[in-house]
Amino acid sequence: MSAALPGRTHAPEDPARPFPMRDLWWLVPGFALWFTALSTVYALHHIGCTFGWSARTIHLGLAAALAIHLAAIGILCRIELRRGASRDFGHTGRFMHWVILGTLLAALGKVVLTLAPALFLSVCL
Amino acid sequence: MTDAIDQGATPPAGSALRLHRELSEIWRTGPGLQRLAAVNHSILGIRFMVTALAFFAIGGVLGMLTRVQLATPMSAFMDVGTYNQVFTMHGSIMLFLFAIPMLEGIAVYLTPKILGTRDFAFPRLTAYGYWCYLFGGTILTVSLLAGVAPDGGWFMYTPLSSNVYTPGINADVWLLGVTFVEISALTLAVEIAVSTLTMRAPGMSLDRMPVFGWYMLVTAFMMILAFPPLILGSILLESERAFGFAFFDPTRGGDPLLWQHLFWLFGHPDVYIIFLPMAGLLSTMIPVLAGVPLAGYRAIIVAIIGLAFMSFGIWVHHMFTVGIPHLALAFFSAGSAIVAVPTAVQLFAWLATLAQGRPRWNVPMLYVFGFFSTFVIGGLTGVMLAIVPFDWQAHDTYFVVAHFHYVIAGAVAFPLIAGLYYWLPLLTGRVAVYRLSVPAFWLIYIGFNLTFFLMHLVGLLGMPRRINTYPDFESWTFLNMLSSVGGFIMTIGFALVVVDLIAQIRYGRRIRRDPWHAATLEWAMPIPPAPYAFASLPHIEARADRINVGTLAPQLARGEGYLGATRNGWQETLGVHMTSGAPEQLIVLPRPTYLPLWTAIATAAAVLTMLAKLYPLTLAMAAVTAGLFVFAALNAGLDRDHGLLPVGRGVSVPVHTECAHPPAWWALVFTLIADGTLFTSLVFGLLFLWVAAPNWPPVAVPDTGLALSLVCILALAAAAFFARRALVRLVGRQAPRLFIALAALALLVAIGVAVVLIGGIVPRPSDHALGATAAALLTFLALHAGIGLLFLLVATLRLASGRAGPTRTIDLRLARLWIDYTAITGALAVGLVLALPALVALLGMRP
Ligand code: HEM
Ligand SMILES: [Cu+2]
C-alpha cells in the first residue's frame with residue numbers, strides 16, 4: 001500500500017530498458033487478423049457468388065483464407081511466446097507479454113469459433 | 001542555453017499555501033465573459049457533462065412525448081409528421097448529444113486526474129470540440145422548434161432520407177448537424193488517446209495504470225476507428241442530396257445498402273463506445289465500495305481490447321433481414337453471440353470483487369445494483385437477437401426497442417448516476433445530507449423496468465417500432481398504457497435525482513478530503529480540485545489504483561513531487577515514455593484564449609450556410625476556419641530553446657518543443673489512422689457497389705486520362721520528396737525555404753490535375769455511382785493536398801517568426817508526415833480510378 005510516496009528516487013525492480021513503445025502495436029494484430037479473416041471470407045463469398053464460381057471453388061477459397069489467417073495468428077503467438085522467454089523488460093514487459101498473448105490466443109479461438117462452422121454451410125443462398 | 005529563471009524548479013521550502021497561490025495565478029481562468037476563453041480540463045469537463053445532461057432532459061421529454069402518444073390507441077396527440085420528428089430526435093439526441101458527449105466530459109474531467117497529470121495535451125482543442133458540440137446540438141434542437149427536424153429515424157436510412165422522399169431540409173439538418181457534433185468526438189478521441197499514452201504521473205508504467213485509463217484508451221481508439229465511416233456516409237449522402245451524386249440511388253448504380261453498411265460499421269461499435277467508459281466508472285468504483293482491489297485486472301484489459309475489435313466485426317446483425325446470404329448470416333450471428341464472452345469477463349470480475357470484499361450499501365452501490373440487473377437482461381436479449389431466426393421475427397418490433405433501452409439506457413443511466421454520486425464530492429467539495437436519492441432510485445428502477453420490460457412483450461405480440469398509432473388490440477393497448485405509466489414514474493425518479501443533486505451541490509456538508517477511502521489519484525488533491533489539479537506530480541511505484549491518498553495528498557500539496565515550483569509563468573506538466581512512464585518532456589500548455597470559440601463560430605457558419613445552400617459562402621467560411629487553425633498554430637509552443645530543465649526529484653528533461661515526439665506528433669499519427677479509416681471505407685464503398693449494386697456496369701465506358709493521372713501521382717511523390725529534403729536541411733541548419741516552396745508547388749500541381757480529372761470523369765458523377773465514387777476519391781486527394789499546403793504554410797511562417805528552427809522541427813515533421821500520407825493514399829486513389837475500366841470489364845464475366 002505504500003505506492004506513490006514521493007521521496008524515494010526509484011523502485012529497485014525497474015528494468016534497465018523500458019518496454020519498447022513500438023511493441024505496443026502488438027496489441028493490434030491478433031484481433032485485426034480476426035477482422036480481416038471475417039472481411040475476406042465475407043467478400044470472397046460475395047465475389048464468388050457474383051461471378052458464378054462453383055460451390056467447391058468457393059468452399060476451397062474460404063477454407064484457404066481461414067487457414068492463412070489461423071497460420072498467421074499462430075506464428076504471431078509463437079514469436080510472442082519466444083520473446084516472452086528471451087527478453088526482460090521487467091514488470092511492464094511481463095504484463096505486456098501476458099496481455100499480448102491473451103489477445104492473440106483469444107483471437108485464435110474467436111476465428112475458429114465464429115468462422116469455421118460457416119464453412120460447412122451451403123454457399124450463395 | 002538555460003538561464004536563471006528556468007532553474008526555478010527546485011522545490012522551495014515554502015508552504016503548500018504559497019505554492020497553491022502561485023499555481024492558481026498561473027492556471028486561472030478569468031471571471032465573467034472571460035470564462036468563454038476557458039481551456040482548462042476541469043471547467044470544460046464539467047461544461048460537457050452539464051450540457052449533456054441538458055440534452056438528456058430534452059431527449060427525455062421527447063421520449064415521454066412518444067409515450068404519451070402511444071399510451072392509448074388511435075391517439076390524436078401528435079400527427080404522423082410530428083411524431084416522426086419527435087422519435088427521430090429523441091434517439092439522435094440521446095446518442096449523439098447525450099451519451100457520447102457525456103463520456104467525453106467524464107473523460108476530460110477525470111482522466112488527467114486519475115492518471116496524475118495536470119491537464120490534457122491539447123486544451124484548446126478540447127475547447128473547440130466543446131463549442132462544436134454545443135453549436136451542432138443547438139442547430140439540431142432549434143430545427144425541432146422550427147418544425148424541420150430530422151424525421152427519418154436515428155439511422156437515417158436511404159432511400160427514405162434521399163431528397164426524393166425527404167425533399168425538405170430535415171435530413172440535411174441531421175447529416176450536417178451530426179457531422180458537426182462528431183468533430184468533437186474525433187478531436188476528443190485523438191486527445192484522449194495521446195494524453196493517456198504520453199501524459200501520466202512519472203513511474204506509471206502501463207501495468208500500473210488504473211484500469212480506468214485502459215478503458216479510456218480503448219474507447220478513444222474505438223472512436224478513432226468508428227466515426228470515420230459515419231462521417232464518410234454522411235458526406236456522401238449529403239452530396240447526393242445537394243449535388244445529385246449517385247451513391248445510394250439504385251437506378252443509377254448506387255445502393256441503399258451501402259448506407260446501411262457504413263452506418264452500422266459506426267453504429268454497432270458506438271454501443272460499446274458508450275458502454276466502455278461506464279464500465280470504466282464501475283471498475284473504478286466497485287473496488288472502493290467493496291474495500292478490496294479489483295479482481296482480474298489483466299483479464300479485464302484483454303477483454304476490453306477484444307471487445308473493442310469484436311464490436312467492429314458484427315455490424316451486419318443490424319441487417320439480418322436485408323437479404324444477406326445465409327453463410328454470412330451464420331458467422332455474423334456467431335460473432336454477435338460471442339461478444340457476450342468479454343462482457344461476461346468484466347461482469348464476473350466485478351462480482352468477484354464484490355464477493356471478496358464487504359460491499360457498503362450506499363447510494364452509488366444501489367445504482368450499481370440497478371446497473372447489474374438491467375445490463376444482464378439487455379445482454380441476454382441481445383444474444384437472443386443475435387440468433388437469426390429470432391431476429392427475423394423480432395426485427396423492427398418493440399422487442400428491439402426494449403432490448404436497446406436495457407443496454408444503452410439502463411447500462412448508461414445507472415452507472416452514470418452511481419458515478420455522479422461517487423464523484424460529486426470531488427467536484428463540489430460537498431457530500432449529501434438528504435437521502436432523496438434512495439426513493440429516487442426505486443422510482444427510476446421500477447419505472448424503468450415497467451416501461452421497457454413491457455415493450456419486450458408488446459413487441460413479441462407484433463407491435464412494430466416507429467408507428468405513431470395503433471388500432472385498439474386488447475393486448476397491445478393495456479401493455480402500452482402500463483408502459484407509459486412506467487415512463488412517468490421513471491421521469492419523476494430522474495426529476496428527484498436532479499433535485500437531490502442540486503440540494504447536494506448547494507447545501508451539502510462540506511468535506512476536505514475523500515469520503516470513500518478511495519485509492520486512486522483523483523482524490524489526492526484539494527477538493528474541489530484547483531485548476532492545476534496537482535500542486536506537484538506524484539511518483540508512482542506500484543499499481544496506481546492502490547494509493548494511500550491520505551499520506552500522498554499533503555506531500556503533493558507541499559510540492560514534494562515533480563514540478564513542485566513555478567517557472568516563467570508556464571502551465572507545466574510532464575510527458576512520459578508511453579510504456580514505462582519515465583519522464584521525457586516538460587509540456588508547456590497554452591493559456592486561456594477565445595480562439596477555439598471563434599473557430600467554432602466560423603465552423604458553425606460554414607454548416608449553416610451549407611444548410612441554406614449558399615455554397616460560395618460555405619467555401620468562404622471553411623477558408624476562415626482553416627485560417628483560424630493556421631493562426632492558432634502560429635503562436636503555439638515557445639520561441640527559443642531552453643535545453644534541459646530540472647523538473648524535480650533530480651530529473652531534468654527538455655521542453656516538448658525540443659523533443660522528437662511531442663504530443664502533437666502522436667496526435668497527427670492517430671488523426672491519420674482515423675483518416676485512413678475514412679479512406680478505406682471509401683474504397684470499400686466503391687468495391688461494394690462494384691460487386692453488389694444493381695445497374696452495373698454503367699452505359700458509358702469509364703475512361704480516365706492516363707498521362708494526367710501519372711502526372712498527379714508524380715507530383716505527389718515529388719511533394720513528399722521535397723518535404724523530406726526541407727526537413728533534412730533544417731536539421732542540418734541550412735535554409736529549407738526552397739524545398740518547402742518546391743513541395744508546395746508540387747502539391748498545387750497535384751491539386752490542379754485532380755480538378756481537371758474530376759471535370760473529365762465519365763460517366764458523370766450525377767449519372768452513375770461509378771463516376772460519383774471516382775469523383776469522391778479524387779476530391780479526397782485534392783483536399784488532402786490542400787491541407788498539406790496549410791501545413792507547409794504554418795511551417796514557413798513559424799520558421800520566419802523563430803518559433804520553429806533546427807532544434808524545434810516539429811512543424812516540418814508534421815508537414816512531412818501529412819504529405820507522405822497524402823502521397824500514398826493519393827496514389828492509391830488515382831490507381832483505383834485508373835483501374836475502373838478493368839473492373840467494369842471484369843463484370844462482363846458474370847454468368
Ligand atoms: C426518458 C426515458 C426514455 C423513454 C421514455 C424512451 C422511449 C422511447 C420510445 C417509446 C422509443 C420508440 C420510438 C419508436 O420507435 O416509435 C424510443 C426510441 C429510441 N430511444 Fe428511447 N426512451 C428513453 C430513454 C432513452 C435513452 C437514455 C436512450 C439512449 C441513451 C434512448 C435511445 C433511443 C433510441 C436510439 C431510439 C431509436 C429511435 C429511432 O427509432 O430512430 N432512449 N425511446
Ligand atoms: Cu449492434
Side-chain angles (χ1 to χ4, degrees), chain A residues 1-11 14-15 17-21 23-24 27-28 30-32 34-35 38-39 41-43 45-47 49-52 58 62 89-96 98-99 101-103 105-107 110 113-119 121-125, chain B residues 116 197 201 203 205-208 298-299 301-303 305-306 308-310 312-313 316 325-328 330-332 334-335 338 341-342 519 521 524 536 538-544 546-548 551-552 555-556 560-562 577-582 649-650 687 691-692 842-843 845-847:
Chain A
M1 277 309 238
S2 73
L5 295 182
R8 268 182 287 148
T9 8
H10 64 272
D14 269 359
R17 286 187 307 155
F19 183 80
M21 261 195 253
D23 287 1
L24 274 182
L27 291 172
V28 176
F31 283 106
W34 167 73
F35 185 77
L38 175 108
S39 320
V41 169
Y42 188 29
H45 177 248
H46 204 128
I47 291 175
C49 297
T50 306
F51 289 98
I58 296 183
L62 297 185
F89 296 119
H91 51 92
T92 312
R94 286 192 294 280
F95 164 80
M96 289 306 297
W98 201 98
V99 173
L101 209 59
T103 58
L105 291 174
K110 173 115 179 147
L113 281 175
T114 54
L115 293 172
L119 296 189
L121 299 178
S122 43
V123 294
C124 305
L125 277 180
Chain B
L197 281 174
S205 51
L206 284 180
D207 52 316
R208 291 171 177 167
R298 287 188 293 188
I301 291 167
V302 173
I305 294 174
F309 278 100
M310 286 182 201
F312 281 90
V316 168
H326 287 201
L327 185 137
F331 58 74
F332 282 115
I338 285 181
V341 174
L521 284 170
S536 63
H539 183 80
I540 302 295
E541 294 179 344
R543 276 270 297 279
R546 301 181 191 172
I547 277 165
N548 189 339
T551 43
L552 182 63
Q555 293 174 329
L556 294 181
E560 290 168 18
Y562 295 93
H577 185 271
M578 277 190 195
T579 61
S580 72
R649 297 174 53 94
L687 297 179
V691 287
L842 262 183
L843 285 180
M845 291 164 56
R846 280 182 306 190

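Note on naming: letters A, B, ... go to the chains in the order of the sequence lines (proteins, then strands), and numbering restarts at 1 for each one.
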Pick from B:S205, B:G116, B:G581 with the largest number of heavy-atom pairs that fall under 4.5 Å of chain A: B:S205
Contacting moiety of B:V316, where chain A heavy atoms sit under 4.5 Å: side chain
Main-chain N/O of B:G335 paired with A:T114 side-chain donor or acceptor, under 3.5 Å: no
Under 4.5 Å from a heavy atom of chain A, the part of B:L197 involved: side chain
Side chain, backbone, both or neither of A:S39 within contact of chain B (heavy atoms, under 4.5 Å): neither
Backbone N/O of B:G203 and side chain of B:R208: donor-acceptor pair under 3.5 Å: yes
Max heavy-atom pair count under 4.5 Å with chain A, selected residue of B:S580, B:A308, B:G313: B:G313
Part of A:L24 lying under 4.5 Å from any heavy atom of chain B: side chain
Chi angles and distances behind the side chain to side chain contact (heavy atoms under 4.5 Å, CB included) call for B:I547, B:I540: CA-CA 9 Å; B:I547 277 165; B:I540 302 295; 4.2 Å; yes
A:H45 side-chain N/O to A:I58 backbone N/O, donor-acceptor pair under 3.5 Å: no
Under 4.5 Å from any heavy atom of chain A - which part of B:A692: both
Contact leader toward chain A among B:G650, B:P847, B:A524, B:S536, where contacts are heavy-atom pairs under 4.5 Å: B:P847
A:Y42 and B:F332 aromatic centres sub-6.0 Å: yes
Among B:A330, B:A328, B:G306, residue most engaged with chain A (heavy-atom pairs, under 4.5 Å): B:G306
Pi-cation contact, B:Y562 with B:R649 (under 6.0 Å, within 45°): yes
Polar side-chain atom of A:T92 near backbone of A:F19 as donor-acceptor pair, under 3.5 Å: no
